[in-house]
Colleague: 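Structure provided below as structure tokens; questions to follow.
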Amino acid sequence: MTTTHNLGFPRIGAKRELKRALEDYWKGEIEQPELLAVGRELRQRHWQQQADAGIEWLPVGDFSWYDQVLDLSTLLGVVPERFNHDTTEVALDTYFRMARGRAPSGEPTTACEMTKWFDTNYHYQVPELIAQQQFTISSSKLFDEVAEAVSLGHKTKPVLLGPLSYLWLGKTKGGDFNKLDLLEKLLPAYGEILNRLKSQGVEWVQIDEPILALTLPLEWQQAFESVYTRLPIKGVKTMLAVYFGPLKENLKLACGLPTDALHIDAVRGADEIDTVLSWLPVYKTLSLGIIDGRNIWRSDLDALLERLRPLQQRLGERLWLAPSCSLLHVPVDLEQEEKLDSDIRSWLAFAQQKLAELNTLKHALAGDDEAAEQALHESRQAAASRRSSTRIHQPDVKQRCAAVTTSMAERESPFKHRIEQQQARLKLPLLPTTTIGSFPQTAAIRQTRRQYRTGELSETEYQTLMRREIDNVIEKQEAIGIDVLVHGEPERNDMVEYFGEQLDGFVFSQFGWVQSYGSRCVKPPIIFGDVSRPQPITVAWSRYAQSKTEKPMKGMLTGPVTILNWSFVRDDQPRATTCLQIALALRDEVCDLEQAGIAIIQIDEAALREGLPLRTEEWQSYLDWAVNAFRVTAGGVRDETQIHTHMCYSEFNDIMPAIAAMDADVITIETSRSDMELLEAFEEFSYPNDIGPGVYDIHSPNVPAVESITSLMNKALLHIPVERLWVNPDCGLKTRGWPEVNTALVNMVSAALFLRSRFKRSRAS
Ligand code: GLN
Ligand code: ZN
């Protein structure tokens with residue numbers, strides 16, 4: 001029989017039990033033993049569920065209190081000095097201080113940096129490595145969990161992030177050095193870990209080296225050879241696991257490394273299976289990650305079996321099956337979704353269902369038809385219904401997509417001409433002030449939305465209350481003296497969900513949570529079908545808001561690329577096509593806003609950069625269709641209508657041409673923390689349009705002083721001519737409180753007024 005195994009299971013719990021327990025513990029509402037008990041229970045439950053699903057080798061070490069990379073840092077004793085760690089075992093509160101800067105015990109200090117895990121929406125804690133780094137085994141967590149699983153009678157396969165991926169993901173501190181120089185000291189630590197696992201009776205260890213899916217510098221490629229030849233691994237079998245993409249130029253290398261098995265991502269790297277077969281040494285086991293661990297669609301098992309049968313003939317026992325990557329990136333269990341439409345539900349598979357699919361494949365490959373028949377039948381039906389469903393396929397949407405012309409992605413005139421007409425219409429002062437869209441989401445606002453959702457409030461009552469909120473933010477903005485106003489987005493729970501809920505082609509799960517970082521989870525919308533807009537979404541709100549003020553009121557939309565990148569996207573057509581469909585739906589919204597008299601429309605693209613493929617050679621094609629989608633969204637308006645976009649990050653250097661190609665009249669970006677440094681990129685590139693570099697760090701409760709805002713603006717002025725500069729915060733204000741927001745914006749306007757007067761004087765003289 002073909003062996004099945006799993007690379008990792010979601011740890012958050014089907015009901016987000018881990019989130020609750022962690023947050024209670026951090027707030028001091030429960031004690032550590034209680035937290036530990038919740039973890040133990042979740043691990044046991046998850047192993048049992050995987051075993052019940054027929055999975056043979058269960059992952060251990062995939063459970064984490066916060067993040068698996070941080071777990072490895074503590075295992076290796078990579079604890080920066082500021083955490084005052086002096087014992088041999090890293091205490092749980094020290095671990096939490098590393099993750100979040102504070103814990104129930106221990107001095108608060110600066111947390112470790114957090115960044116995105118490859119191209120997922122998961123964030124890991126960046127290891128801080130110093131030139132004199134020592135590696136000393138400093139956590140028994142992994143070994144304890146192995147013992148725990150073994151005592152429960154499970155066949156366990158500990159999961160360990162490999163030494164090269166670990167170093168690659170780390171950051172050098174206290175002076176630059178070559179991280180590869182640390183290998184000398186790191187390898188013995190890995191040797192010790194493997195030895196301890198062996199002494200616990202472990203047979204297989206999974207060593208993850210996801211960086212083999214990246215374009216690696218030669219030096220790093222070469223390091224793989226030497227590391228894996230030198231890694232002291234006698235007596236345990238090792239599986240090298242690569243995921244998130246094909247191996248490409250690293251394929252031969254990975255096949256040849258002295259490990260007992262190789263796992264590849266057979267979803268994203270499906271084209272490589274044949275090459276792997278020809279390069280894989282005959283002693284090696286091949287694990288095919290055949291079930292998509294990055295998406296929530298049910299597999300077409302017939303199609304997979306057709307591919308697998310000849311492979312099984314060739315490899316026999318050497319063929320193993322698994323999900324493409326850890327199931328951390330999908331929700332736990334579809335079973336609990338009671339409200340999902342039954343057709344759509346039948347097309348989906350969450351973590352638990354994906355394991356069942358593996359089990360079906362195993363039985364079918366073994367010729368055990370009875371065990372597989374029912375599941376194969378259901379899979380067949382789902383695949384057929386998905387192919388032909390009229391819920392998915394909307395001929396008019398497809399036609400409209402096919403008929404998109406290049407001119408639809410063009411504004412009428414170039415920026416130089418447009419901005420003159422916009423100026424004539426808007427009559428904005430030099431250095432205009434604005435905000436990014438949302439204002440504090442108070443408890444009252446959230447309660448109103450909740451009561452509306454549950455039917456406690458009628459449509460009219462809801463409208464009245466929300467309009468009152470809009471009146472309130474308009475009044476405040478006018479009192480502060482802001483030039484371009486926003487309505488504050490009180491009606492929005494989330495910038496993507498809000499639009500998804502009002503577009504056709506989207507559904508929402510009740511419990512489809514996926515860990516983003518620590519205790520934070522997101523529930524991505526599911527784009528299952530052709531996207532269209534049954535009716536205007538934001539127009540009534542914007543029209544109302546504009547009617548309440550003489551100042552320009554910005555229309556506020558989330559862009560097509562961001563909606564796409566923060567959703568689970570259908571896998572039966574290219575992402576570019578889905579993105580274009582969203583763009584066309586939003587284009588209608590943009591045009592309707594213009595019709596309603598809205599002179600400025602902001603289209604947020606907070607997640608444009610996130611969508612960049614892992615491999616740089618694929619960047620351009622992504623950027624091409626992403627930028628085009630934005631341009632189609634914005635391209636339907638007259639010259640005198642001003643299009644803004646907003647991005648909440650600051651690394652623009654490598655995508656500057658794409659940012660410019662979006663051709664938004666104004667771009668607002670996050671810059672306050674990076675001290676305007678990134679504006680150099682805009683200057684070097686001669687970015688042609690208007691820019692609003694953030695001068696108020698909204699991630700902090702601190703109120704920026706007038707002087708600090710003025711000084712940031714002065715720095716910005718070194719790079720960007722005053723005529724093209726705007727004054728605004730880094731991002732939306734919804735997570736902040738009113739008192740601080742109020743003072744911060746008063747200061748922002750004062751700084752703008754001061755600078756304005758200075759320029760007027762210098763011009764007059
Ligand atoms: N307009 C949104 C807001 O102000 C933008 C949020 C974001 O960029 N993440 O909240
Ligand atoms: Zn933002």
Side-chain angles (χ1 to χ4, degrees), residues 116 121 123 433-442 445-446 449 466 469-470 473-474 476-477 482 484-500 516-517 520 522 524-525 537-538 541-542 545 552-567 586 589-590 593 598 600-611 630 633-634 642-652 659 662 664 666-674 678 691-700 726-738 740-741 744-745 748:
K116 269 167 59 78
N121 221 337
H123 300 73
T433 51
T434 190
T435 63
I436 306 304
S438 58
F439 269 98
Q441 292 243 333
T442 57
I445 292 180
R446 275 179 273 133
R449 275 205 316 264
M466 281 305 177
E469 294 294 343
I470 294 175
V473 296
I474 292 177
K476 288 206 159 92
Q477 292 171 90
I482 293 181
V484 171
L485 308 197
V486 296
H487 79 288
E489 305 178 25
E491 76 287 7
R492 303 184 192 179
N493 38 353
D494 171 274
M495 65 188 285
V496 170
E497 193 172 317
Y498 178 74
F499 288 90
S516 170
Y517 65 90
R520 286 285 197 104
V522 293
I537 301 169
T538 64
W541 297 117
S542 285
M553 172 62 59
K554 264 198 282 194
M556 196 57 64
L557 307 175
T558 304
V561 188
T562 298
I563 292 182
L564 186 89
N565 284 342
W566 282 346
S567 299
L586 293 173
E589 184 76 10
V590 170
L593 283 169
I598 304 299
I600 304 183
I601 300 162
Q602 179 173 312
I603 306 166
D604 291 328
E605 284 294 17
L608 181 105
R609 200 178 195 290
E610 278 184 25
F630 180 88
T633 306
Q642 189 166 72
I643 297 289
H644 288 213
T645 190
H646 163 71
M647 294 176 186
C648 12
Y649 41 83
S650 47
E651 316 88 59
F652 284 100
I659 300 295
M662 290 167 73
V666 183
I667 181 171
T668 55
I669 54 178
E670 175 186 319
T671 36
S672 67
R673 276 180 300 182
S674 67
L678 82 116
I691 307 174
V695 289
Y696 163 19
D697 175 11
I698 61 93
H699 303 93
S700 147
W726 287 61
V727 184
N728 48 263
D730 268 342
C731 192
L733 301 164
K734 74 173 181 194
T735 58
R736 299 263 62 97
W738 265 114
E740 63 202 74
V741 162
L745 294 181
M748 188 181 90

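Ligands are counted one by one from 1 in listed order, and the atoms in each one are counted from 1 as well. Just the heavy atoms: all of them, side chains too, but no hydrogens, waters or symmetry mates, feed the values below.
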Colleague: How is the N/O/S atom of H646 that comes nearest to the Zn ion (ligand 2) named?
Modeller: NE2

Colleague: In terms of the angle between their ring planes, are F439 and W738 parallel, tilted or perpendicular, with boundaries placed at 30° and 60°?
Modeller: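 Rings of F439 and W738: parallel, under 30°.
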
Colleague: Kindly give the heavy-atom pair with the smallest separation between N121 and S516, and that separation in Å.
Modeller: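 Shortest heavy-atom separation between N121 and S516 comes out as O-OG, 3.5 Å.
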
Colleague: Flag H646 as yes when one of its N or O atoms lies below 3.5 Å from any N or O atom of ligand 1, and as no otherwise.
Modeller: yes

Colleague: Could an N or O of ligand 1 be found under 3.5 Å from any N or O of K734, whether backbone or side chain?
Modeller: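 Between K734 and ligand 1, no N or O pair is found under 3.5 Å apart.
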
Colleague: Which ligand 1 atoms does G437 reach within 4.0 Å, using its non-hydrogen atoms?
Modeller: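 In order of numbering, the contacting atoms are 4 (O).
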
Colleague: Can you check whether I537's main-chain N or O pairs, donor with acceptor, with E589's side chain at less than 3.5 Å?
Modeller: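 Such a contact is found between E589 side chain and I537 backbone.
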
Colleague: Show which atoms of ligand 1 fall inside a sub-4.0 Å distance from at least one heavy-atom site of M556.
Modeller: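 Matching atoms, with element in brackets: 1 (N).
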
Colleague: Just distances here: any N/O of I436 and N/O of ligand 1 closer than 3.5 Å?
Modeller: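 Indeed, backbone or side chain, I436 has an N or O that close.
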
Colleague: Using a strict cut-off of 4.0 Å, indicate which atoms of ligand 1 neighbour a heavy atom of C648.
Modeller: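 Here the atoms of ligand 1 in question are 7 (C), 8 (O), 9 (N).
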
Colleague: Side chains of I669 and I659, heavy atoms from C-beta outward: is any pair under 4.5 Å?
Modeller: no

Colleague: Among protein heavy atoms, which lies nearest atom 4 (O) of ligand 1, and at what distance?
Modeller: S438 N, 2.8 Å

Colleague: Side chain, backbone, both or neither: which part of M647 comes within less than 4.0 Å of ligand 1 when only heavy atoms are counted?
Modeller: neither

Colleague: Who's the nearest protein heavy-atom neighbour of atom 6 (C) of ligand 1, and how far?
Modeller: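 The protein heavy atom lying closest is M495 SD, 3.5 Å.
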
Colleague: Tell me, do L745 and P729 make a side-chain contact under 4.5 Å, heavy atoms counted?
Modeller: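 Yes; the side chains approach each other to less than 4.5 Å.
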
Colleague: Is there side-chain contact between T538 and M556, with at least one heavy-atom pair below 4.5 Å?
Modeller: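 No. Closest side-chain heavy atoms not under 4.5 Å.
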
Colleague: For D604 and Q602, run side chain to side chain contact (heavy atoms under 4.5 Å, CB included): C-alpha distance rounded to whole Å, both residues' side-chain angles, the deciding distance at 0.1 Å, then the answer.
Modeller: CA-CA 6 Å; D604 291 328; Q602 179 173 312; 2.6 Å; yes

Colleague: Which atoms from ligand 1 have a heavy atom of G732 less than 4.0 Å away?
Modeller: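 In order of numbering, the contacting atoms are 3 (C), 4 (O), 10 (O).
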
Colleague: Identify, for atom 2 (C) of ligand 1, the protein heavy atom at the shortest distance, and state residue, atom and that distance.
Modeller: D604 OD2, 3.3 Å

Colleague: Is it the case that the side chain of S438 and the backbone of L733 share a donor-acceptor pair, with hydrogens and angles ignored and the cut-off at 3.5 Å?
Modeller: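 Side chain of S438 to backbone of L733: a pair is present.
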
